[in-house]
Trainee: 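Structure in structure tokens, see below.
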Amino acid sequence: ALLRYYPDRFERAVLMQLFGLHEHTTEIDEWKGLNTSGVDHWFDKWADDMVKSNRASQEGVEKLKRNMFGPVKIFIFSCTRKDVTAVKHPLLVLAGVDIY
């Protein structure tokens with residue numbers, strides 16, 4: 001958001017995708033289609049722990065999951081392709097290399 005609204009404050013930027021939905025490329029573990037099973041695995045375990053410990057409601061974690069992962073987003077969770085293509089600064093893209 002800062003780069004979008006205050007581009008004069010930056011010389012360059014880094015776009016990090018620590019986790020996300022994507023198809024298998026060079027990762028060690030192989031899967032077909034999107035890696036939704038890996039994402040569901042870690043998110044659902046975390047959500048279950050949050051609900052069981054009364055730190056979140058079931059409705060709250062379900063809403064968070066929908067907001068983060070649905071409808072299917074095959075890019076970066078924090079911005080759109082349009083946002084990234086509008087960046088005129090040098091941009092280093094760092095992607096994860098595992099099923100998550």
Side-chain angles (χ1 to χ4, degrees):
L2 287 174
L3 184 59
R4 182 181 196 180
Y5 295 106
Y6 304 101
D8 54 317
R9 294 185 182 184
F10 298 88
E11 290 186 25
R12 55 192 54 88
V14 175
L15 178 62
M16 293 178 62
Q17 176 74 338
L18 302 178
F19 66 93
L21 294 177
H22 57 91
E23 294 181 356
H24 181 268
T25 54
T26 60
E27 297 81 10
I28 294 171
D29 298 323
E30 290 192 34
W31 62 88
K32 294 195 183 295
L34 295 176
N35 61 327
T36 51
S37 64
V39 172
D40 286 345
H41 173 75
W42 71 260
F43 186 92
D44 292 347
K45 180 176 180 345
W46 171 84
D48 189 49
D49 290 346
M50 293 296 286
V51 171
K52 284 181 179 176
S53 65
N54 293 318
R55 292 183 284 168
S57 67
Q58 185 66 40
E59 180 181 305
V61 295
E62 288 172 4
K63 184 177 179 180
L64 175 63
K65 187 174 183 179
R66 277 192 312 274
N67 288 341
M68 287 181 68
F69 305 114
V72 175
K73 298 176 182 178
I74 307 178
F75 192 57
I76 308 298
F77 293 136
S78 59
C79 60
T80 66
R81 287 183 189 273
K82 184 178 176 182
D83 291 332
V84 174
T85 57
V87 173
K88 302 302 178 204
H89 299 72
L91 186 62
L92 174 63
V93 178
L94 301 174
V97 291
D98 59 24
I99 194 167
Y100 304 108

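We're numbering straight along the sequence, starting at 1.
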Trainee: Could you go through the side-chain contact (heavy atoms from CB on, under 4.5 Å) check for L64 and W46 one step at a time?
Mentor: CA-CA 12 Å; L64 175 63; W46 171 84; 3.7 Å; yes
Trainee: With a 4.5 Å cut-off on side-chain heavy-atom distances among I, L, V, M, F, W and Y, is there a chain of contacts connecting M16 to V87?
Mentor: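 In one cluster with M16: V87, no.
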Trainee: Working to the nearest 0.5 angstrom, can you tell me the gap between Q58 CD and K63 NZ?
Mentor: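 The NZ atom of K63 is 14.5 Å from CD of Q58, to the nearest 0.5 Å.
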Trainee: Considering only NZ, NE, NH1 and NH2 on the basic side and carboxylate oxygens on the acidic side, decide whether K65 and D40 come within less than 4.0 Å.
Mentor: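 Here K65 pairs with D40 in a salt bridge, since their nearest N and O are under 4.0 Å apart.
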Trainee: Mind listing the closest non-hydrogen atom pair of E11 and P90 along with its distance?
Mentor: O-CD, 3.2 Å
Trainee: To the nearest 0.5 angstrom, please state how far the CG atom of L94 sits from the CG atom of L15.
Mentor: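 Nearest 0.5 Å value for the CG-CG distance: 8.0 Å.
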Trainee: State plainly whether one hydrophobic cluster holds both W42 and V51, where clusters connect Ile, Leu, Val, Met, Phe, Trp and Tyr through side-chain heavy atoms under 4.5 angstrom apart.
Mentor: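 In one cluster with W42: V51, yes.
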Trainee: side-chain contact (heavy atoms from CB on, under 4.5 Å) between D83 and R4: does it pass, once the steps are laid out?
Mentor: CA-CA 8 Å; D83 291 332; R4 182 181 196 180; 3.6 Å; yes
Trainee: Would you give the length of the straight line joining atom OH of Y5 to atom CG of L3, rounded to the nearest 0.5 angstrom?
Mentor: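 These two atoms lie 11.5 Å from each other.
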Trainee: Considering non-hydrogen atoms only, spot the tightest contact between R55 and D49 and give its length.
Mentor: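 It is NH2-O, 4.1 Å.
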